[in-house]
Amino acid sequence: MIPRLALQQQTTPTYYSFLEALADSGFRGDIERSYASRLAVATDNSVYQCLPQAVVFPRSSQDLVVMLTLAAKDAYKDIRFSPRGGGTGTNGQSLNDNIVVDVSRHMNQLVTMDADGRRVRIQTGMVKDRLNQLVAHHKLFFSPDLSTSNRATVGGMINTDASGQGSLVYGKTSDHVLGVTAVLVDGTLIETGPVSGEALEQKLEEDSREGELYRCVYHSVTGNAGEIERRFPKLNRFLTGYDLRHVYDKASHTLDLTRILCGSEGSLAFITEAWLDLTPIPEYRTLVNVKYNSFESALRNAPLMVEAKALSVETVDSRVLNLAREDIVWHSVSDLIQDVPGKVMDGLNMVEYADQNETAQREKVEALCARLDGLIERGEAGVIGYQVCDDLASINRIYGMRKKAVGLLGNAKGRKKPVAFVEDTAVPPEHLADYIMEFRRLLDEHGLQYGMFGHVDAGVLHVRPALDMTDPEQEVMLRRISDKVNALTAKYGGLMWGEHGKGFRSEYSPTFFGEVLFTELRRIKSAFDPFNRLNPGKICTPLDSLEQLVSVDATKRGYFDRQIPVHVRDGFTQAMDCNGNGLCFDFDVRSPMCPSMKLSADRRHSPKGRAGLVREWLRQLSAQGFDPMAGEAAVQSRGTSVKNMVLRIKHTLDKRRGEYDFSHEVKEAMDGCLACKACSSQCPIKVDVPTFRARFLQLYYQRYQRPPRDYLVSWVESYTPWMAKAPGLFNPIMNHKWIQGSTSSLLGMVDMPALSQPSLKKRLGKGPAAQFDLEQLQAMSEAERAQTLLVVQDPFTSFYDAGVVHDLVRLATALGFNPVVLPFRPNGKPAHVKGFLRRFAGMAADSAQFLNRLARLNIPMVGVDPSLVLCYRDEYAKVLGPARGSFEVLLPQEWLLTVLEQVPSREQSGEPWHLFAHCTEKTAKPSTHQDWSRIFAHLGAKMEAVPVGCCGMAGTYGHEREHVEGSRTLFAMSWADPLSKLPRERCLATGFSCRSQVKRIEGEGLRHPVQALLSLLA
Ligand SMILES: Cc1cc2nc3c(=O)[nH]c(=O)nc-3n(C[C@H](O)[C@H](O)[C@H](O)COP(=O)(O)OP(=O)(O)OC[C@H]3O[C@@H](n4cnc5c(N)ncnc54)[C@H](O)[C@@H]3O)c2cc1C
Ligand code: SF4
Ligand code: SF4
């Protein structure tokens, strides 16, 4: 039985009393000091881990004014703060041991849209892609690009001066920030923007905090103009720190404090709102994919592309290319990047052109192609071929391939994982090839694995060498390589932080800036933050401060992870391997990724949050001498003793009395999970929360009493088949007000669906589909078997939506097949979801045995509900291993595709159908939409995919009383709008949960695609 885990690090008394005072001071935001909340922001995408004292979530600039005014009191002068946005930093920019101030939860609204002026004012917690969604209908976009655009905030972008693809044309974030609202450390609120001439003179004279800042910055830049000109590299990328180079324009006598705040990594002020300028979305886009015989050739040829006025030039090395080739994603691009006969393609440059003018666009592309033709003809520059595509879908396919391949790099097998620490160096593009060759030698000498890609037009190289951060020696190696790369970038006139900011690399700042300018940075820090209270240790310290800068040697996540025994780490790779890239924070309600995160805006309720909590849980259990693997094995092999039952009751009573146990914090985070499994396929590392959640619940409930509802759910496959025999008896009972009230109050279950009436059995009657006879099937000839279909039942569709199973039978018959419905066998998924893993293993073994026996008949087997069919593939394989056998249960569309050839095709006609596919299905099987479209097209109809996230039901989640409101909110967030705009009778859903959710909320359900196909054949 797991031990109780006492609270590890309490918030210190000073911070505690500040937070108490804050709660009473008119601060309207959230204040969280639970260990789990603090842990959720203790990491980013870097190798570092740093536990803050608390996390606060302001709702407005005024909240920050309130907080910082309070902090200005003498009693709280030791309180410090670190701003945070999406937490996607790669070098610990937002990590600190003070109060983390997360602006992303509430401060994420559009304030003013000025489409004519091509500008927008927003709160800085807004995610970049959200901003682009909001302004897209004006044909405008916020052009600085970054790969994390679906979760990084504009505030984070401003503070790291983010940029990415297309930066030569579109620039960096700082090039598009017109002005900001900033709250200074003493609570003063300032507005920034360009101030020129007379107005500037007045500001410089002003006897105020603001005047002080203007004077300090003005004297720093005017007094050191020569040194600034000499030191700041002539690169497209900026030396994040304080932008002395662009803050003052001598010619127009204009000073803009915005420029000093951009790239300041939260060390000068909180930026709460910003005016941003927007760029017209280009009308014409073309991608030229240039193929090379080596990565070096691709690099050396890049300046030619820049000369040829490309918008962006992206490159990938052979390792990244090969990862893509070995992945299913290659199918989507193989026609766009075909092999060149007789040549080996080991390098690729993706050269994009964009313009508002078609002729100008065509001329640029033709000019490049002419130059490439010449190179190929002469056998020069390693160019072996090229292909051009100019439709958006193809361009997106190519970029999708690159993105996927880069994600695959992160999913390396073994203990060594690609880590960020030298991942964004930049050198002048003309030196890039030489620089990279030397960089590669350095990594090769250390025997490191890596893949490289980058923005060659801007001289930016992305590389994450694979290290095992739980090995102290590799941690030493990280420091050694950091130092060497720092020296190497300096040698080539470049920057170690070409894109992602400094964070814990701030210790290298003095060497880059030189003593004179670094002193100026410190002077500016002193003017803004004299007592080093804002993100202390990052960028620089105030002039008179004796405090140190943060260092590459700071405590890393590996320090905590290595406290977990190796066999436990190996047993929980799901939680261990999360690298914190934050893809699971995806803001887009149309994407299936993590509904619980979207619903709660609470990082604990994301796959990353849950993985982090489980790691800490394993660490604390291990520190107490409890071996979770042995604990699991014990639960699997024997039941519970009477002694344990008594202890469990005692622990449950202690819990009710409020006794702390860290396991409760983990449990709370697990409770919000819908078990939709989007993470297990959408996360680049395939962090599979439902799997480790089930394992956690199994151990948790060894110590604590389970709620009765869990038993009700886990046994659903045993009692439902009996109830389904008499729906006429049970439905009125279950519908009775008194029963519904008791199920809600005693069991916490609401809105239970009605059993199908007539039942499946009645619908099938004595027809051939109801006549399962194994011997008869065995006696069939090959030809007869080829025309037979076995329908695998699941407890939900068969007993609550029997019409769908019946219609599958009718469809198969109409297509000329002989369907036979198999006797019902429990699948076990409900037991798995609730963490009854011992019972699940038993059910899985039993069903697998049955299905393997049938598989020998060589007759296709089809199941209707995606989540249960996919359980046979995933959870069964995990729990049974080789004992799962090789049986295959197909989804309806998978089977239909195999027989489509036998069905005469029809001319397409009529209105389109609209598919709302189940989350588990479309994430695990990305071809779902295309598969159904092909089938519909063959039968003469058009099928369009509706991009939606989770419907909010997800099995029993939406029926659980405490989740009902959230379930309905999720539906409203994602499904309600498209459903209201589409003709209801042409909307289809593959998931039983989704159909019941629509029925519960809108009073009328949707049909399954097989039912629409049946109507087409009628
Ligand atoms: C896989 C991956 C790919 C990436 N690709 C790119 C890329 O292509 N280009 C690029 O530029 N970056 C990239 N990054 C780095 C990162 O996404 C960017 O630095 C991003 O701008 C950070 O935004 P965020 O909202 O996550 O900020 P956070 O990480 O939360 O914070 C970043 C810094 O900004 C400060 N900050 C945040 N909000 C505020 C505020 N309102 N006021 C004051 N200070 C604030 C924080 O204190 C911190 O110092 C990548 C990261 C990952 C994990
Ligand atoms: S769970 Fe996956 S997507 Fe989320 S941060 Fe971890 S690795 Fe990234
Ligand atoms: S299963 Fe779904 S809800 Fe749970 S963590 Fe994964 S994506 Fe989020």
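Atoms within a ligand are numbered from 1 in the order they appear, just like the ligands themselves. No hydrogens, no waters, no symmetry mates; every other heavy atom, side chains included, goes into these values.
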Please identify which atoms of ligand 2 are closer than 4.0 Å to at least one heavy atom of G580.
5 (S), 6 (Fe)
The answer, listing residues by chain and number that come under 4.0 Å of ligand 1 through any heavy atom, is N45, P83, R84, G85, G86, G87, T88, G89, T90, Q93, S94, V103, T124, L146, S147, T148, A152, T153, G155, G156, M157, N159, T160, A162, S163, E265, G266, A269, F270, I271, E499, H500, N535, N581
Parallel, tilted or perpendicular, as decided by the 30° and 60° cut-offs, for the rings of F453 and H462:
tilted
Quick check against the 3.5 Å criterion: does D102 have a side-chain atom that pairs as donor or acceptor with the backbone of S104?
yes
Under a 4.0 Å threshold between the charged nitrogen and the carboxylate oxygen, would D161 count as salt-bridged to K172?
no
So the atoms of ligand 2 within less than 4.0 Å of a heavy atom of G582 turn out to be 5 (S), 8 (Fe)
Dump the intermediate steps for salt bridge (Lys or Arg N to Asp or Glu O under 4.0 Å) on R121 and E191, then the final yes or no.
CA-CA 13 Å; R121 185 172 174 85; E191 297 289 337; 3.6 Å; yes
Say you draw a straight line from CD1 of I271 to OG1 of T124; how long is it, rounded to the nearest 0.5 Å?
7.0 Å
Kindly list each side-chain donor-acceptor pair under 3.5 angstrom involving residues 948-957, sequence neighbours excluded, with atom names and distances?
| unit_1 | atom_1 | unit_2 | atom_2 | d |
| --- | --- | --- | --- | --- |
| T956 | OG1 | E960 | OE2 | 3.3 |

Is it the case that atom NZ in K878 sees more than 12 heavy atoms from other parts of the structure closer than 6.0 Å?
yes
Residue contacts for ligand 3, heavy atom to ligand atom, distance under 4.0 Å:
C594, P595, S596, P607, R610, C673, L674, A675, C676, K677, A678, C679, V689, P690
Geometric cation-pi criterion, R505 with F421: 6.0 Å, 45°:
no
Is K829 close to S867 at the side-chain level, that is, under 4.5 Å between some pair of heavy atoms?
yes
With a cut-off of 4.0 Å, which atoms of ligand 2 are near a heavy atom of C578?
1 (S), 5 (S), 6 (Fe), 7 (S)
To the closest 0.5 Å, what do you measure between CG (L178) and OG1 (T192)?
9.5 Å
Out of all atoms in ligand 2, which are within 4.0 Å of some heavy atom of N581? Include the element for each.
3 (S), 5 (S), 7 (S), 8 (Fe)
Once you restrict to heavy atoms under 4.0 Å, what part of L583 touches ligand 2? Side chain, backbone, both or neither.
both
Going by the atom numbers of ligand 2, which of them fall below 4.0 Å from some non-hydrogen atom of N579?
7 (S)
Hits for side-chain hydrogen bond (donor to acceptor under 3.5 Å, both in side chains) against Q997, two or more places apart or cross-chain, chain-then-number order -> S967, R1000
Which atom of G266 lies closest to which atom of N159, heavy atoms considered
N-OD1, 2.9 Å
